[in-house]
Every structure is written in structure tokens, then in C-alpha cells.
> 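Please see the structure below; I have some questions.
Start at 1 and go down the list; that is how both ligands and their atoms are numbered.
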Amino acid sequence: MPISKRLLLLTSLIKDANKGVFDVGSDHGYLLLELYHKGFKGNLKGVENKIGPFSNLSKNTLNSPIKVSLSDGIDDLTNDYSCLVLAGMGFSNIAKIIDNHKEKLSYIDQIVIDAHNFIPESRKYFINHGFEIEEELILKENNIYYELISFIKGNENYSEEEIVYGPKLLKKRDEVFINKYKEANQKLVELLSKLDKNSKRYKEIQNEIDRNILVISK
Ligand SMILES: C[S@@+](CC[C@H](N)C(=O)[O-])C[C@H]1O[C@@H](n2cnc3c(N)ncnc32)[C@H](O)[C@@H]1O
């Protein structure tokens, strides 16, 4: 099966992880297999906490040096890995996985995430845990927008606008980024028409629309 554009772009964010990549929620192992086939020399490990995906992961990586484990989050993470991948999960799961073993962040130089919701909260979370944003990519696949974020250790400060829209995405303001907020605004305008003009919600939505317009027209 050909690898998705999202997973391909995720692997492009992993540039130098000499000590290895630890992929939580590896599923079929496609990301690790792509890294291996690209000639990545470091350790590669995929973790799954469910039997079904774990069996796919084990089968697909059988004839490769990729290590696998049926375990939860980063329970199994050792300092043989310096790059952590958390992709295709909601923010609360990502935060829970880290919260269970905050001490293990000391092994990690890079965290690559694809959070399926609460993206600003995800940025804030890793910034509050001693990371800064190294790179961000936005893509649309199967009608869904994804924001892929690479964090490295650092203490850069960010404005509220950068937390919401992404500092690197804001700088690039590429076509996909502009379209994401144009489409979001179409839905928000529709929602506004159903709300009471004097309600708090109406004002919040109106503010969000205005903020999106400002950002995409800069
Ligand atoms: C939607 S899939 C995403 C798979 C792949 N990472 C991707 O981005 O395409 C999420 C995977 O994470 C696994 N998962 C969720 N929570 C986990 C945890 N705490 N530890 C290990 N795996 C987990 C699920 O079993 C599922 O296979």
C-alpha cells in the first residue's frame, strides 16, 4: 500500500535522529518502514497498545531491523531513542502519554506530532515542557487538514496568534493554510446566521472570523 502524503511529510520532518526514532501508535508501521527504506541508520521502534494494530505492526516489520513492542505510550522508551513521534492521535492522548513519564523527556531532542484536535493546545503543551517549534507543515488529504509540528529543545517565546495559527505556518502562509481558514470562515459564517446576535457565542464566532480574515489577508 502506498504511504499517505501525511506520513510521507511526517518522515520528512525527521532529519537527524542518530540515536533513533520511537513511534508511539505505530499502527501498520508505515512511518518507520518509510524511514528504513529511505536508508535511516538509527534505531527504530514502533509501539502499539492494542492487539490488532500490534499484530499488523509485527507482521509488516518482520524482515526489518525495526523493533516493536506491545506497550502503552512511552512506558518502553529508553535513551536509545532521541526522536519521539506521536501521530494520528488526539491532544488529550498525546498529553497523557507524556504526563505518565515526564522524566523521559530528558532523552528526547525532537518530538514530531500530528494532533487530530486542539492543535493550539498541543503547541502550548510542548512549549511549556521546554520545547520550541522547529518546523511546521500543513496539508489537506481526503478532505481533512493536518498540521504536522516538529519540536526541538528550546525556550522561544510565542505570541497568542503564533500559538493559534503556528509560527512557521504564519510565516509561510501557503495556499493550503489560506484555504483552511477560508473554508473555516465559510462554516463559521453559516453558524453565525443561526445564532442570536446578542449571545456570547455570536461574539466569539464573529471574533474568530475577524481574526482569520486578518491572518489570511496579511
Ligand atoms: C489513528 S492511529 C494513527 C497511526 C499512525 N501513527 C498514523 O499517524 O497514521 C492511532 C494509533 O495509536 C495507537 N495508540 C493510541 N494510544 C496509544 C498508547 N497510549 N500507546 C500506544 N499506542 C497507542 C492506536 O492503537 C492506533 O493504532
> Whether the side chain of D174 engages the backbone of V176 through a donor-acceptor N/O pair (distance < 3.5 Å, no angle test) should be reported.
yes
> If only atom types and distance count, is the side chain of E136 paired as donor or acceptor with the main-chain N or O of L169 below 3.5 Å?
yes
> Please say which of E161, E147, E162 ends up in a salt bridge (charged side-chain N to carboxylate O under 4.0 Å, His left out) with R123.
E147
> At a 4.0 angstrom heavy-atom cut-off, what protein residues surround ligand 1?
R6, L7, V24, G25, D27, E48, N49, K50, P53, S71, D72, G73, A87, G88, M89, N93, I97
> Is R173 reaching over with its side chain to a backbone N or O of V215, donor-acceptor style, under 3.5 angstrom?
yes
> Would you find a donor on one side and an acceptor on the other, under 3.5 Å apart, between the side chain of K168 and the backbone of I149?
no
> Ignoring hydrogens and angles, tell me if any N or O in the side chain of E132 forms a donor-acceptor pair with the backbone of N155 under 3.5 Å.
yes
